[in-house]
Amino acid sequence: MASSIFEVLKNSILGRRFRNIGYLPRWIIFAIDVFILAIASLITYLIMYSLTGALHTFEQIFIKYGSFIFVNSVCFLLYRTYSGIIRHSTFIDGVKLLISTTTSYLFLLLFNFAWYIFTDNHLFINTRLFINYVISFLLLFLFRILIKYIFEKYMNFEDQKKLIKAVIYGADANAFSVANALRAENPSRFKLLGFIDKFNLSSASKSMLNLPIVNQSKKIYVILRSLKADALIIAEKGLSKEETIAIVEECLEFNFKVFTVPLITDWEDQQQISNKVKSFEIEDLLDRKPIVLDTQSISNQLKGKTVLITGAAGSIGSEITRQVISFKPRKVILVDQAETPLHSLRLELNALSEEVSIRTVLADVRHRTAMEVVFDKFKPDVVYHAAAYKHVPLMEENPSQAIYTNVLGTKNLADLSIKHNVERFVMVSTDKAVNPSSVMGASKRIAEKYVQTLHHKYQDEGISMRTKFITTRFGNVLGSNGSIVPLFAKQISEGGPLTITHPDIIRYFMTIPEACQLVLEAGAMGQGSEIFIFDMGKQVKIIDLAKKMIRLAGFIPYKDIDIKIIGLRPGEKLYEELLNDTSKTLATHNEKIMIAQELPENYQKVHEKILDLLENISSMSNDEIVSRMKKIVPEFKSMNSVFETLDA
């Protein structure tokens, strides 16, 4: 009956106006509280009359009950009980009311006692004071509870429709705390419908916070449907990563949103949960074991050293920089030709670490003289070479630029590293250098060959060389500049469609931190000339990646956001490889890092071909440049490219 009355009121003109009302001025709340005190006094008078039959004159009523109202009003002002927003009342507001009314009650008791000492007569009956105290507190408290209930249940109907109907996965102390925090959140994001208990399979009905606890005897999506939920919040701390991924993928398959929340003990402020409950990112769904680094070995290589990082403003270079700084080098030199990103990185790092000296150099690795100045000035001990042109279609159109940056840039740095007795030169390469099908991949393979044969040259000639050349090779990095994930995220934000080059295309993926951690580890363990390849996990079908990203964003593939096949780009192949046909691998102490054993090549021949290419590149056509690249890298077979004719 009451519910139907509220429904009528809610949908009436008065109800709509009431829902849209702003917060009442504090003086009105204060006036309502004083009025409630008057009601409490009237009730007290009627109770006392029913018990004693004694009537009071108007003057007596004014003195006895007016004093009670006056003292309580002063306490309201003292404790500012009226300052809270009634519809958002919390436990703290109730405590303030209790303290205020208790203070006035104790004051009146003391005043009554003092009055008795001086006049030998009681101004108040202590029983009346106590009854008035109890009734006034209950009425004040119930008023706030009632207003809060009405607003939450009936008057914020439009807001309720915007809330995400969610079920919490978990029924332990952490889940209880998450639910409490979400309920207290202002403004609210979720309407909680219940809990799912993985460990208790009893059929007995249970509840927590007046919400049902459902045992996981059925599929999760079935439970969510039965509760008419939109989302699942994973708060169960006993889940393994594999179990979590399975739950997330099940929910996504049936178009339920999934959120995760850290352990309550990990929160800096349990009252501020809005930034803690977050959607799963595509990186969270990579089914891979956590990386365990040999931090002592890395620290021995970097602590107190001068480290030079090229391409430092890029996604890989900047993450290498952040991780290098954690090992306390003496100085870090950041080299990049992109002014604004380099400036932004410097500002970030200055705030991140005051112990490590950070120097930024705006320079191009292709310019030998500029690089010579950097090496002369800073005398680096370790070089991480991440500068490269990497966009496959762009390099198909501009092969000369791929050679200048990826080959000449690498050659400049490698030669200078030997000249200046650098301890370690770590080159960041790509799986596209294996059996390359693009200009970009072939240019990186040429750079790999130069670095590797340069080391063998000194070794074969018996010349002592301090520098150890190490190459690291891995696949696509989630979230890196120009990678598929930021592109998909942008397309989703624009309403689609997501563009995919081929329905069967697959790729290896790693997160940026994972890739950079393995670069540091490989750089520390390398003894020279090795090409380290990383365990990239399972290859991912790009179309499946697109569907997951759409679902993670809360949309339905092909219904809310379309997926469009646009055809393979120039130089692109359906799958990437980490080894060429003649290579084998050797294991290392880190199960995620292997060494590619490739047939050694003669430095002199490789060097002569590279010099010939570099010296004549300005006068050659694109076809001539690519033709010479194919002579240096015989396994380079162009795909979906105008250069396919050169392979005939």
Side-chain angles (χ1 to χ4, degrees), residues 162 164-165 189 221 224-225 229-232 245 247-260 278-287 314-315 389-398 430-432 437-441 475-512 536-576 638-642:
K162 297 176 184 177
I164 301 171
K165 296 176 183 177
R189 291 171 57 199
Y221 77 90
L224 295 178
R225 280 181 178 172
D230 302 316
L232 183 73
I245 291 174
I247 291 171
V248 173
E249 293 192 338
E250 178 186 334
C251 290
L252 293 180
E253 183 180 353
F254 292 93
N255 301 314
F256 291 102
K257 296 178 182 178
V258 190
F259 298 88
T260 183
K278 69 180 186 71
S279 300
F280 270 81
E281 302 293 340
I282 194 66
E283 290 88 343
D284 300 323
L285 298 183
L286 282 179
D287 187 9
S315 49
Y389 279 155
K390 60 183 181 181
H391 293 286
V392 171
L394 203 57
M395 294 303 100
E396 290 295 302
E397 298 171 5
N398 302 276
T430 170
D431 57 359
K432 291 178 176 60
S437 62
S438 64
V439 169
M440 191 282 283
N476 296 273
V477 180
L478 289 172
S480 65
N481 296 332
S483 76
I484 198 71
V485 171
L487 173 62
F488 282 171
K490 182 175 183 292
Q491 290 174 339
I492 290 171
S493 69
E494 294 171 350
L498 270 63
T499 54
I500 295 176
T501 57
H502 194 283
D504 297 325
I505 195 167
I506 55 177
R507 289 290 183 267
Y508 289 108
F509 283 103
M510 299 186 81
T511 65
I512 294 176
M536 303 288 293
K538 298 177 182 177
Q539 293 199 70
V540 178
K541 205 169 184 178
I542 300 299
I543 196 165
D544 292 338
L545 182 75
K547 291 175 183 177
K548 285 182 182 179
M549 287 193 66
I550 291 172
R551 291 191 175 107
L552 283 172
F555 301 107
I556 300 174
Y558 300 110
K559 180 181 178 182
D560 299 323
I561 294 181
D562 196 16
I563 299 175
K564 184 179 179 182
I565 307 300
I566 60 174
L568 289 170
R569 300 175 300 173
E572 190 172 41
K573 52 186 176 180
L574 289 179
Y575 61 92
E576 303 290 358
S638 298
M639 290 187 183
N640 193 40
S641 170
V642 295

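His391 places no side-chain N or O within 3.5 Å of a backbone atom of Pro393 that could act as its donor or acceptor partner.
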Output side-chain donor-acceptor pairs under 3.5 Å for residues 485-492, partner residues at least two apart or in another chain, one line each.
{"unit_1": "Lys490", "atom_1": "NZ", "unit_2": "Glu494", "atom_2": "OE2", "d": "2.7"}
{"unit_1": "Gln491", "atom_1": "OE1", "unit_2": "Thr499", "atom_2": "N", "d": "3.1"}
{"unit_1": "Gln491", "atom_1": "NE2", "unit_2": "Thr499", "atom_2": "OG1", "d": "2.8"}

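The distance from the CG atom of Asn255 to the CG atom of Leu224 is 12.0 Å, given to the nearest 0.5 Å. Leu252 contributes atom CG, which lies 12.0 Å from atom CE of Met549 (distance to the nearest 0.5 angstrom). With rounding to the nearest 0.5 Å, the separation of CG in Leu568 from CD1 in Ile500 is 12.0 Å. Summarising the geometry, atom CG belonging to Leu545 is positioned 9.5 Å from atom CG belonging to Leu552; distances are rounded to the nearest 0.5 Å. Atom CG of residue Asn640 and atom OG1 of residue Thr501 lie 9.0 Å apart, to the nearest 0.5 angstrom.
Side-chain atoms of Ile550 and Ile563, non-hydrogen and from C-beta on, do get closer than 4.5 Å to each other. Between Phe256 and Leu232, every side-chain heavy-atom pair lies at or beyond the 4.5 Å cut-off. Taking the side chain as every heavy atom from C-beta outward, Asp504 and Lys541 approach each other to under 4.5 Å. Counting heavy atoms from C-beta on, the side chains of Arg551 and Phe254 never come closer than 4.5 Å. In this structure, the side chains of His502 and Leu574 come closer than 4.5 Å at one or more pairs of heavy atoms.
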Does the side chain to side chain contact (heavy atoms under 4.5 Å, CB included) test come out yes or no for Thr430 and Lys390, once each step is laid out?
CA-CA 9 Å; Thr430 170; Lys390 60 183 181 181; over 6 Å; no

Passes salt bridge (charged side-chain N to carboxylate O under 4.0 Å, His left out), Lys548 versus Glu249? Steps please.
CA-CA 8 Å; Lys548 285 182 182 179; Glu249 293 192 338; 2.5 Å; yes

Side chain to side chain contact (heavy atoms under 4.5 Å, CB included) between Phe555 and Ile561, worked out:
CA-CA 7 Å; Phe555 301 107; Ile561 294 181; 3.6 Å; yes

Could you go through Glu397 and Val439, starting from their C-alpha distance and side-chain angles, then the distance that decides it, and tell me whether this counts as side chain to side chain contact (heavy atoms under 4.5 Å, CB included)?
CA-CA 9 Å; Glu397 298 171 5; Val439 169; over 6 Å; no

Please walk me through it: do Met639 and Ser438 pass side chain to side chain contact (heavy atoms under 4.5 Å, CB included)?
CA-CA 7 Å; Met639 290 187 183; Ser438 64; over 6 Å; no

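Legend: residues meeting side chain to side chain contact (heavy atoms under 4.5 Å, CB included) with Arg507, ordered by chain and number and at least two apart, are Asn476, Ile505, Phe509, Ile542, Glu572, Glu576. With sequence neighbours excluded, no residue forms a ring-ring contact (aromatic ring centres under 6.0 Å, His included) with Tyr558. Every side-chain hydrogen bond (donor to acceptor under 3.5 Å, both in side chains) that Lys573 has, sequence neighbours left out, goes to Glu577. In terms of the side chain to side chain contact (heavy atoms under 4.5 Å, CB included) criterion, residue partners of Pro497 (sequence neighbours excluded) are, by chain and number, Asp562, Lys564. Partners of Ser638 by side chain to side chain contact (heavy atoms under 4.5 Å, CB included), not counting sequence neighbours, listed by chain and number: Lys630, Phe636, Ser641, Phe643, Glu644, Asp647.
Across all non-hydrogen atoms, the minimal contact from Tyr221 to Glu250 is N-OE2, 3.1 Å. Closest heavy-atom contact between Val258 and Cys251: CG2-CB, 3.4 Å.
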